[in-house]
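Here is the structure we will look at.
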Amino acid sequence: MKRQLGLKYRLDPTPQQAARLRVLTGHARFVWNHALAECLAARERGERVPRYATMAGWITAWKRQEATAFLTEAYTDNLQQKLRDLDTAWRRHFTPGLAADAPRFKKKGKSRDAIRFVNFPKYCRLDHRRVKLPAGLGWVRFRQSRPVEGKITSCTVGLDGGHWHISFQVEIAVEAPPRHPATAAVGLDMGVAHFAVDSHGMPHAGRNSFRQLEQRIATAQRRLTHKTRFSQNWKKQKARIARLHQKAANVRRDILHKLSTTICQNHAMVAIEDLRVSNMTASAKGSLAAPGKRVKQKAGLNKAILDQGWFEFRRQITYKQAWRGGLLIAVPPHHTSQTCPECGYVEAANRLSRASFCCQACGHADHADVVGARNILAKAHEQLSGQALPVAPVK
């Protein structure tokens with residue numbers, strides 16, 4: 001079987017190459033926005049959203065128009081790949097069950113600028129610590145922190161936190177995953193005070209990377225407001241803010257990778273709650289006619305949830321368990337913290353506080369997060385066997 005991997009490295013372009021990359025990413029961003037405007041106009045007319053086969057012809061027409069003749073300086077493959085991404089975004093939006101948002105316009109400085117090269121090894125080549133890219137870029141050095149193994153199918157160059165990075169998508173032929181060497185199973189209850197608590201009673205602390213840098217980011221943003229817009233000092237300050245956000249993201253990703261790897265190595269089955277993070281972090285401000293309540297408290301909770309990286313954690317466990325031959329089971333989150341793991345009695349009064357649980361029927365007492373993790377694991381076993389155990393009715 002073939003396994004697809006993304007290998008990301010820091011790119012070290014010369015000033016001339018960096019300037020050329022900015023031009024190429026700017027062209028790709030313009031094509032995305034221009035094509036998206038055409039798609040939205042078609043929807044307003046009651047027509048279907050054009051597919052890639054139709055959008056690809058727009059590039060030739062735009063190059064012949066005087067207002068958009070600057071696209072002749074772009075690399076056509078980059079523009080075509082950007083339209084493929086737009087077509088994929090529309091298909092995800094219209095696919096039932098995915099609940100993906102409609103594509104949005106990309107703004108310079110706020111959206112991630114990236115371009116993709118697909119002509120390996122015809123126009124793109126790899127030579128140890130440098131890669132040859134078309135579109136007038138030539139050989140570009142990168143920091144090879146790990147070997148690039150497998151067949152390279154494409155590479156993506158993007159700007160993250162003020163630095164250029166290159167990601168190689170490779171295909172590696174591997175054998176079918178064997179049976180997971182471990183035999184243990186674990187349930188994980190996600191939280192804010194503790195990032196996760198497992199069914200063995202072990203808490204796993206999160207890093208709260210954004211909260212640790214929040215004050216520095218706020219100070220940097222205040223300084224930005226005192227600078228002339230688009231001046232050199234304003235651009236330098238914008239770059240400082242971007243680096244702080246990138247540092248928080250890197251710390252969060254590092255912690256999640258270490259924790260997910262440890263859990264997947266030691267457990268053949270991992271059970272988690274099927275959480276809808278987007279719904280959980282929706283704003284509570286309401287409207288002018290019906291204003292929300294406890295808006296500030298809800299905003300703080302939303303920030304704390306998003307700082308944990310629950311979805312990224314689930315994504316990492318998904319593919320790491322698949323590589324090792326393990327299982328990841330997502331169970332419904334209903335009443336996991338209100339059900340007694342000993343007698344199955346369900347009652348809202350069982351959970352006395354955020355951390356305390358005491359069954360009103362049998363008197364079993366434990367930490368509420370541990371109870372939730374045990375119930376999540378029990379639900380996973382029931383879901384795996386297809387036989388639900390009887391529980392007391394919900395009060």
Side-chain angles (χ1 to χ4, degrees), residues 4 6 20-120 122-124 134-135 153-160 167 169 274-283 285-290 306 311-312 314-315 318:
Q4 291 188 342
R20 178 58 177 164
L21 285 173
R22 290 189 179 91
V23 172
L24 294 175
T25 54
H27 290 154
R29 183 177 60 251
F30 174 83
V31 166
W32 170 283
N33 291 336
H34 216 49
L36 179 56
E38 294 286 345
C39 294
L40 295 178
R43 294 192 71 184
E44 291 180 358
R45 296 192 299 267
E47 303 173 0
R48 298 184 62 180
V49 173
R51 298 299 302 272
Y52 168 75
T54 302
M55 291 189 288
W58 296 348
I59 298 177
T60 304
W62 291 339
K63 289 181 177 181
R64 294 173 179 173
Q65 297 175 7
E66 183 177 356
T68 54
F70 60 88
L71 291 178
T72 56
E73 303 174 2
Y75 188 57
T76 304
D77 279 3
N78 297 153
L79 308 184
Q80 292 175 344
Q81 293 300 313
K82 191 60 67 173
L83 292 182
R84 288 185 183 275
D85 292 342
L86 179 59
D87 180 61
T88 301
W90 277 118
R91 281 187 289 165
R92 287 177 56 85
H93 175 62
F94 291 123
T95 300
L98 290 182
D101 294 334
R104 290 180 287 186
F105 292 99
K106 297 182 181 293
K107 186 175 182 180
K108 182 179 179 181
K110 291 189 176 181
S111 303
R112 182 176 184 269
D113 289 330
I115 50 177
R116 186 183 305 118
F117 299 93
V118 294
N119 291 318
F120 273 90
K122 185 176 181 181
Y123 299 119
C124 305
T153 58
S154 66
C155 71
T156 302
V157 179
L159 185 63
D160 298 312
S167 299
Q169 184 177 3
D274 190 11
L275 300 174
R276 297 292 185 264
V277 180
S278 58
N279 296 341
M280 296 174 62
T281 56
S283 175
K285 64 181 180 181
S287 60
L288 293 177
L306 294 175
F311 182 82
E312 174 64 15
R314 175 174 176 173
R315 187 192 70 86
T318 300

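For reference, positions follow the sequence shown, starting with 1. Computation of the quantities below employed the complete heavy-atom set of this structure, encompassing side-chain atoms and omitting hydrogens, waters and symmetry-equivalent molecules. Predicted, not measured: the structure shown is a model, and the values here were computed from it.
Looking at heavy atoms from C-beta onward, R43 lies in side-chain contact with W90 at the 4.5 angstrom threshold. Contact of the R276 side chain with the D274 side chain is registered, since non-hydrogen atoms from C-beta on lie closer than 4.5 Å. Looking at P103 and W32, their side chains come closer than 4.5 Å, going by heavy atoms from C-beta outward. Looking at R112 and D160, their side chains come closer than 4.5 Å, going by heavy atoms from C-beta outward. No side-chain heavy atom of L159 sits under 4.5 Å from any side-chain heavy atom of T25. Residues Q81 and V118 meet the side-chain proximity criterion, which asks for heavy atoms closer than 4.5 Å. Using a 4.5 Å cut-off on side-chain heavy atoms (C-beta onward), L306 and V277 make contact. Inter-residue side-chain proximity for F105 and L40 is flagged as met; some heavy-atom pair is nearer than 4.5 Å.
Taken to the nearest 0.5 Å, the OG1 atom of T68 stands 10.5 Å off from the NE2 atom of H27. The structure places NZ of K63 at 6.0 Å from CG of L79, a figure rounded to the nearest 0.5 Å. One finds the OH atom of Y52 at 6.5 Å from the CG atom of L83 (value rounded to the nearest 0.5 Å). With values rounded to the nearest 0.5 angstrom, K82 atom NZ is found 12.0 Å from I59 atom CD1. Going from atom CG of L98 over to atom NE2 of H93 covers 11.0 Å, rounded to the nearest 0.5 Å. The line from CG of L36 to CZ of R104 is 11.0 Å long, rounded to the nearest 0.5 Å.
Without hydrogens or angle criteria, T153 side chain to Q169 main chain gives a donor-acceptor distance under 3.5 Å. Between the side chain of D87 and the main chain of R51, no donor-acceptor pair closer than 3.5 Å is present.
Ion pairing between D77 and R84 fails under the 4.0 Å rule for side-chain N and carboxylate O.
Between F117 and Y75, the two ring planes are tilted [angle within 30° to 60°]. The aromatic rings of F30 and H34 sit parallel to each other, their planes meeting at less than 30°, with 60° as the upper class boundary.
Within a 6.0 Å sphere centred on CZ of R91, other residues, nucleotides and ligands contribute more than 12 heavy atoms. The neighbour count for R315 CZ, taken as heavy atoms of other residues, nucleotides or ligands under 6.0 Å away, is above 12. Within a 6.0 Å sphere centred on CZ of F70, other residues, nucleotides and ligands contribute more than 12 heavy atoms.
Here the rule is side chain to side chain contact (heavy atoms under 4.5 Å, CB included) with C39, and of E47, E44, M55 only M55 fits it.
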| request: Applying side-chain contact (heavy atoms from CB on, under 4.5 Å), run through L275 and R314 and close with a yes or a no. | output: CA-CA 10 Å; L275 300 174; R314 175 174 176 173; over 6 Å; no

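Between A114 and T156, the shortest heavy-atom distance links the atoms CB-CG2, 4.0 Å. Here the shortest heavy-atom pairing between R20 and A135 reads NE-O, 2.8 Å.
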